[in-house]
Amino acid sequence: MDDFTILKEIEAYLDGEMTIEQKTAFEEEIQKQPELHDLLNIMKISREAIILAGHQKTISDTHDEYMASRKSLGEEVAPLKKSRVLPLFLKGIAAGFVLIMLATSVLIYDTSQNFFDRKYLSYMIPVERSSEQNIENLTALYIAEKWPEIIDLSISNPNDSKSLFFVAMANFNMKNYDQAKDKFGQILDLSRKGQATSFVDEAEFYSVFTLIKMKDYSEALTMIEKINSEQEHSYQGYFSKWDQFKLKLLNIF
Amino acid sequence: MAKEKQKLTDKEILNGIRDKNQINEVLKYLYSNCYAYLETCILRKYGDQDDAADIIQETFLVFIDLVINEKFREQASIKSMLYSIANNLWVSELRKRSSMNKRNEAYESEKDIVQMDMVKRLEQFENKKFVMDIFESLGSSCKDLLIKFYYLEMSMKDILLSENYANEQVLRNKKYKCLQGMIKKIENNPMLYQSLKTALKNG
């Protein structure tokens, strides 16, 4: 067989264009010839890379278009802001005060309605699709979003931070925020005693959202400060100063 | 897709990415809805706007690769996934810079937000990027032909109409010649070849 014939055969195999007999024979050849197996893999990744190169070009074009529109929008919006806001400011302190109060009210309303949705990140399970059959029960229940079953699972080891975390997240998703806070708290207690090293950052991160749901903004802010103070924290910097300011406003009003 | 101004569901976005006719609109939607958010994440972690532009473009490429190869678990929202990819790419970039220049020691200890799973996926993507570089090193006629066939999914008949080849057989041979050239370049790069073999063996 010449090189082109081999490539044609590999393509037919990858594209599912072989008869069952041809496919079986080809797979037998792959078993016998490691070089053919390598070539098949190289061909597969080459085709994927070509497709990605096409996508890269599409992304690059979209990027340029987006940047151009953002630039032109920025140029249009900026003068409008100046021409409207500046004269208002010059009308006096009273007008400015009204404006600030209005802006604060809008900010408080917006924060109370949208802060959670804008900041919340779903927790991802670190499992490959291909290994789904082998994943443990608790993880499988989490993936299937069977929250009541997770909560009902008796935890054999009360010092297992992973189980505690999943139970806490299940309670969170069931809107049992008191229970979720309690379970996250247990992980943090274990951490303080040096008995938990995993899921500690996650427990702190999702505690923030639990506390926000419970409208305990003061404690949420304390937790955010702790997260941001630890340079090695997985979520360090996720909550900005502006986020904290908005939560402080909610706490005051 | 006539829903540019509307909010698309994650399902609609995923279907759009898998559909060549919709992917442009979906990308525009992702840019207008996620770019500023991802940019802020990079800026907050000591990056500048140019860094953000590079990382976000690569983030979308990794995400598309995961979706079209059925590796994206719909367990996570798309926004969370994009954040995870961007964050890992950026942390990895900071590490590269840090190892080249010890000024950025602060970044060395930074942990990945997401798990080993993401790290493994990005390592696999890194291999594809090397192969993409090899593709980019081919001549323009080969690149055009392979993009038309594999990315744009044009038939040989349609390609023949837009190219200057005698007939379909000549065109087919040209395609295989281009592929062969690409494969030879991979095989002639022992480090990449070994890395690919190892990565493919490990799934």
Side-chain angles (χ1 to χ4, degrees), chain A residues 3-8 10-11 37-63 65-67 69-70 118 120-132 142-143 145 201 205 231-240 242, chain B residues 23-24 27-28 31-32 35 40-41 44-45 53 56-57 60-61 64-65 68-71 73 75-77 79-81 83-84 106 109-118 120 127-128 131-132 134-136 143 146-147 150-152 173 176-177 179-180 182-183 186-187 193 196-197 200 203:
Chain A
D3 283 354
F4 283 6
T5 312
I6 295 169
L7 292 182
K8 280 176 197 171
I10 291 175
E11 282 231 291
H37 186 256
D38 287 346
L39 188 59
L40 170 73
N41 283 330
I42 298 294
M43 180 83 155
K44 192 165 174 284
I45 202 167
S46 296
R47 286 166 31 132
E48 286 175 8
I50 294 166
I51 292 169
L52 272 184
H55 285 301
Q56 191 174 41
K57 172 80 173 64
T58 310
I59 291 169
S60 174
D61 292 345
T62 310
H63 183 87
E65 199 180 308
Y66 173 76
M67 284 304 179
S69 74
R70 197 161 85 155
R118 281 183 193 149
Y120 184 72
L121 288 178
S122 303
Y123 178 72
M124 282 174 285
I125 303 272
V127 184
E128 284 282 357
R129 184 179 288 275
S130 56
S131 60
E132 261 175 31
Y142 190 90
I143 289 170
E145 298 185 1
D201 288 359
F205 184 67
Q231 197 166 37
E232 292 192 14
H233 199 292
S234 300
Y235 296 90
Q236 192 259 339
Y238 182 76
F239 296 102
S240 66
W242 179 239
Chain B
I23 194 160
N24 278 330
L27 266 172
K28 281 181 195 165
Y31 258 86
S32 62
Y35 190 91
T40 308
C41 297
R44 253 187 236 148
K45 285 181 179 273
I56 295 168
Q57 286 181 75
F60 286 131
L61 193 60
I64 287 171
D65 186 43
I68 59 180
N69 289 304
E70 304 292 333
K71 291 277 168 67
R73 297 181 50 80
Q75 171 71 14
S77 74
K79 202 170 178 182
S80 304
M81 192 62 175
Y83 173 79
S84 304
S109 58
E110 183 149 11
K111 290 191 293 183
D112 298 345
I113 273 196
V114 197
Q115 333 71 14
M116 287 310 292
D117 183 42
M118 177 61 77
K120 191 178 153 198
N127 278 326
K128 273 189 200 165
V131 181
M132 282 166 73
I134 284 180
F135 169 73
E136 290 300 334
K143 280 196 290 184
L146 295 176
I147 284 283
Y150 290 107
Y151 177 66
L152 298 174
N173 285 343
Y176 285 116
K177 200 175 169 190
L179 270 178
Q180 196 181 42
M182 193 169 164
I183 290 166
I186 295 170
E187 288 172 342
Y193 189 55
L196 286 178
K197 276 174 73 171
L200 292 164

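Excluded from the calculations below are hydrogen atoms, water molecules and symmetry mates; all remaining heavy atoms, backbone and side chain alike, are included. Proteins get letters first, then strands, A, B, ... in listed order; numbering begins at 1 in each. Since this is a predicted model, take the numbers as computed values, not measurements.
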Do you know the tightest heavy-atom contact between [X] and [Y]?
X        : Y        : value
A:Phe4   : B:Gln180 : CE1-OE1, 3.4 Å
A:His63  : B:Tyr35  : CE1-OH, 3.4 Å
B:Val131 : A:Ala49  : CG1-CB, 3.5 Å
A:Leu52  : B:Lys128 : CD1-CD, 3.7 Å
B:Ile183 : A:Leu7   : CD1-CD2, 3.7 Å

Let me know if [X] has heavy atoms under 4.5 Å from chain A in its side chain, its backbone, both or neither.
X        : value
B:Met132 : both
B:Lys177 : both
B:Ile23  : side chain
B:Asn69  : side chain
B:Leu152 : neither
B:Ile186 : side chain
B:Ile64  : side chain

Centroid separation A:His55 to B:Phe60 less than 6.0 Å: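 No.
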Between A:Lys57, A:Met67, A:Gln56, A:Met43, which has the largest tally of heavy atom pairs under 4.5 Å with chain B?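 Winner by heavy-atom pair count: A:Gln56.
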At what distance, to the nearest 0.5 angstrom, does [atom1] of [X] lie from [atom2] of [Y]?
X        : Y        : atom1 : atom2 : value
A:Glu48  : B:Asn127 : CD    : CG    : 11.5 Å
A:Tyr120 : B:Lys79  : OH    : NZ    : 14.0 Å
A:Ser60  : B:Leu61  : OG    : CG    : 11.0 Å

What residues, two or more places apart in sequence or in another chain, satisfy ring pair (Phe, Tyr, Trp, His ring centres under 6.0 Å) together with B:Tyr176?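 With sequence neighbours excluded, B:Tyr176 shows a ring pair (Phe, Tyr, Trp, His ring centres under 6.0 Å) to no residue whatsoever.
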A:Tyr66: which residues meet the side chain to side chain donor-acceptor pair (under 3.5 Å) condition with it, sequence neighbours left out?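 Once residues adjacent in sequence are excluded, A:Tyr66 has no partner under the side chain to side chain donor-acceptor pair (under 3.5 Å) criterion.
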Answer whether the closest heavy-atom distance between the side chains of A:Ile50 and B:Leu179 falls below 4.5 Å.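 Yes, at least one pair of side-chain atoms sits under 4.5 Å.
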Side chains of A:Thr62 and B:Gln57 in contact at under 4.5 Å (non-hydrogen atoms):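 Side chain of A:Thr62 against side chain of B:Gln57, heavy atoms only: no contact under 4.5 Å found.
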May I ask you to name which of B:Tyr31, B:Tyr150, B:Phe135 has the most heavy-atom pairs under 4.5 Å with chain A?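 So the answer, after comparing B:Tyr31, B:Tyr150, B:Phe135, is B:Tyr31.
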